[in-house]
Asks: 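Pasting a structure here, questions to come.
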Amino acid sequence: MSMAKKLFGSLRPNTFNKDHYPAFVRSLEEQYLQTLLTNTMSNTFYADQNELLSDAEQLHQEMANSNPNFMAKAIIFARNEGFMRLQPLFGLAVLSIYRPDLFAKIFLLVVRIPSDLSDFLMILKGMGRGEGGRAVKRQVNRFLAGVSEYWAIKYNGHGRGYSLGDAIATAHPKPEDLRQQALFRYLRGLEANLALLPQVEALENLKLASTEEELIAWIERGKLPYETVTGAIKPSKAVWEALLYQMPTFALLRHMNALQRAGVLEDKRNLDYVVNRITDEQALKKAKILPFRLATAFRQVDHPELRDALREAAELTFNNLPEFGERTAIFLDISGSMNGQYLEIGSVFALALYKKTQGSSLFWLFDTEVVDARPSRKDSILTQAAQIHARGGTDTGAPVRKLIQERRKVDQIIIITDEQQNSGSPFYEQLKLYRSKVNRDVKAFIVDIAPYRHAMVPDQDPQTFYIYGWSDTVLSYIAQSVKGYSSLVERVEAIEVG
């Protein structure tokens, strides 16, 4: 390839997006990160599950063929920092075919909990690989060696396809002692010595309890997880109250309405406990809760103190985000294809970023038109995010065009979008024009929260950075890039494997 072609050949659009609008293809590594970090394979505006599944399978195979080392690192990153599960597990299953050595090194970094193992084994079966062979069984055995009683009672249901008992029957792990032998027998539905398994014994006695006092006693004695209890009995108010003090932070978020309906939160002690838990910054960080979960809970809950607590939790989630300076333009795509979860998380991201800017920074909403939203840096993220709604078509060039018209000089442009432009002038054309007329040094950050494999800007632009995903950690990469740190791809390449 000539130098001229290498430098300039792909500066013009070389593909079309889902709306048949000119777009670019970025590197395979970027496409792979995008899919891992955004695509849980549920239906989207432009593609259904089958299409997304087919695209993902093709991409996993391409990556395994061309750069399996990067693939392994990206899978680790997506599972542990992007908080995604299904796509990293799919990638792990594909990697087991192409590079069993890398697969073995990263297995326990990706398969973290029993539901991961269940989904992984189901993916293998769906791929026509049965139980995966000896290499897979060795890793499954490594995982099963660490199974606890808590995991046994929480995850051994058969609703997910493969239970822990199924995995034991498949992999035939050798128990290390009598207690583990009893646990494996219990998980397989065989007679076991429950005296060695106090949590399991508590669950079995819970099923036989005849009074509320007995139920609560066994819940507290066995520290039984709420999923296990609610799957075994219909909880009363007193039972919900007993469960409350054992729920993880994520479970509290999901069950606020149930607790309120049961009357548990009428007791100030209980309400204060919930509020303190979900406004505990360290607990939030440990729980690795995706920010849109807070927005979803805020939309569903009508209790005033809980809504205030959720507002505070959202602020705490982004508390450690560094300042972005005075001349930052934040553009949020509110077109129809962003409606739903994309706009919910996009609004939270955009407002969190805006709160970390100063002075004359901008916050504009756009579809085919541009609106200066003028949000408050003092009002809560969730309150303001709930007021943002999707509208019509998409012209990603519109907000940059407005910058040019108003001769607004900014140092960085951050656009949050699914990149599916269908009208107006292309974003990249307007960005180049802005650089030639207003500020040649402006950096552009594109936060893409959708899985479509098309881009607004080519690889060759050194002043444009792509960030993918729904985790609050993606925003830290914007701050790092502003200060001259590496791109997301370079960040992943730096991960050590084994």
Side-chain angles (χ1 to χ4, degrees), residues 25-41 47 49-144 161-162 166-167 170-171 173 451-453 459 466 468-469 487-498:
V25 174
R26 292 183 69 85
S27 73
L28 186 62
E29 285 74 17
E30 283 216 39
Q31 292 179 53
Y32 193 60
L33 271 180
Q34 179 180 11
T35 293
L36 287 175
L37 292 167
T38 65
N39 183 11
T40 55
M41 291 189 289
Q49 289 178 326
N50 290 332
E51 183 179 348
L52 291 172
L53 177 62
S54 176
D55 286 349
E57 183 172 22
Q58 179 185 353
L59 188 53
H60 285 306
Q61 291 171 350
E62 288 177 17
M63 201 72 237
N65 268 314
S66 67
N67 194 345
N69 284 294
F70 182 86
M71 180 182 186
K73 295 175 181 182
I75 289 170
I76 294 171
F77 180 84
R79 179 68 184 95
N80 295 282
E81 295 193 47
F83 308 156
M84 293 287 112
R85 288 186 60 253
L86 198 53
Q87 281 292 0
L89 292 170
F90 192 7
L92 185 67
V94 173
L95 187 64
S96 71
I97 303 170
Y98 290 81
R99 286 290 301 271
D101 57 327
L102 287 174
F103 162 78
K105 286 181 179 179
I106 72 171
F107 185 86
L108 293 182
L109 297 174
V110 182
V111 177
R112 306 297 301 268
I113 57 177
S115 54
D116 292 342
L117 181 64
S118 173
D119 287 343
F120 173 75
L121 293 173
M122 184 59 67
I123 289 168
L124 281 181
K125 183 178 180 181
M127 292 170 63
R129 296 194 58 221
E131 296 165 358
R134 291 182 181 178
V136 170
K137 286 184 180 180
R138 278 196 294 271
Q139 302 312 312
V140 171
N141 275 331
R142 289 177 65 204
F143 180 88
L144 291 173
Y162 272 92
D166 295 331
T170 297
Y452 315 123
R453 295 171 63 179
D459 277 340
Y466 267 78
Y468 309 102
S487 69
L488 200 57
V489 169
E490 290 171 316
R491 164 69 180 83
V492 170
E493 285 175 336
I495 293 173
E496 295 289 336
V497 176

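We count residues from 1, following the sequence as given.
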Asks: Report the C-alpha separation of Met71 and Tyr98 in whole Å, then their side-chain angles, then the decisive distance to 0.1 Å, and conclude whether the side chain to side chain contact (heavy atoms under 4.5 Å, CB included) test is met.
Replies: CA-CA 11 Å; Met71 180 182 186; Tyr98 290 81; over 6 Å; no

Asks: With sequence neighbours excluded, tell me which residues meet side chain to side chain contact (heavy atoms under 4.5 Å, CB included) with Ala78.
Replies: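 Residues passing side chain to side chain contact (heavy atoms under 4.5 Å, CB included) with Ala78: Leu36, Leu37, Pro88.
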
Asks: Looking at CG of Leu89 and CE of Met84, how far apart are the two atoms once the value is rounded to the nearest 0.5 Å?
Replies: 12.0 Å

Asks: Could you pull out all residues at least two apart from Glu29 that satisfy salt bridge (charged side-chain N to carboxylate O under 4.0 Å, His left out)?
Replies: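 Glu29 satisfies salt bridge (charged side-chain N to carboxylate O under 4.0 Å, His left out) with no residue once adjacent residues are dropped.
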
Asks: Compare all side-chain heavy atoms of Ser96 with those of Gln139 and state whether any distance is below 4.5 angstrom.
Replies: no

Asks: Side-chain contact test, heavy atoms from C-beta onward, threshold under 4.5 Å: evaluate it for Leu117 versus Leu144 and give yes or no.
Replies: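 Side-chain contact under 4.5 Å: yes.
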
Asks: With a 4.5 Å heavy-atom cut-off, do Val110 and Asp116 have their side chains touching?
Replies: no

Asks: If a pair satisfies salt bridge (Lys or Arg N to Asp or Glu O under 4.0 Å) and one of its residues is in residues 57-76, list it, with sequence neighbours excluded.
Replies: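 Salt bridge (Lys or Arg N to Asp or Glu O under 4.0 Å) check on residues 57-76 returns Glu62-Arg453.
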
Asks: Show every salt bridge (Lys or Arg N to Asp or Glu O under 4.0 Å) that has at least one partner inside residues 88-102, sequence neighbours left out.
Replies: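 Passing the test, one end in residues 88-102: Arg99-Asp101.
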
Asks: Go through the structure and list residues passing side chain to side chain contact (heavy atoms under 4.5 Å, CB included) with Lys125, not counting sequence neighbours.
Replies: Tyr162

Asks: State, yes or no, whether a side-chain contact exists between Arg129 and Ile97 at a heavy-atom distance under 4.5 Å.
Replies: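 SC-SC contact between Arg129 and Ile97 confirmed.
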
Asks: Mind listing the closest non-hydrogen atom pair of Phe103 and Ala135 along with its distance?
Replies: CE2-O, 3.9 Å

Asks: Going by heavy atoms in the side chains, are Ile123 and Leu86 under 4.5 Å from each other?
Replies: yes

Asks: Are Phe107 and Phe120 an aromatic pair, judged by ring center distance below 6.0 Å?
Replies: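 Centroid distance Phe120-Phe107: below 6.0 Å, so yes.
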
Asks: List in chain and number order the residues that pass side chain to side chain contact (heavy atoms under 4.5 Å, CB included) with Glu30, two or more places apart in sequence or in another chain; answer none if no residue qualifies.
Replies: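 For Glu30 the side chain to side chain contact (heavy atoms under 4.5 Å, CB included) partners, ignoring immediate neighbours, are Arg26, Ser27, Asp459, Tyr466, Tyr468, Val489.
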
Asks: Going by heavy atoms in the side chains, are Ile106 and Val497 under 4.5 Å from each other?
Replies: yes

Asks: Which heavy atom of Gly91 sits nearest a heavy atom of Ile75, and at what distance?
Replies: C-CD1, 3.5 Å

Asks: Would you check if Met63 and Asn67 make a side-chain contact, meaning some heavy-atom pair closer than 4.5 Å?
Replies: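 They are in side-chain contact.
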
Asks: Please report the interatomic distance CG(Asp55) to OG1(Thr35), rounded to the nearest 0.5 Å.
Replies: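 If we round to the nearest 0.5 Å, Asp55:CG and Thr35:OG1 are 8.0 Å apart.
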
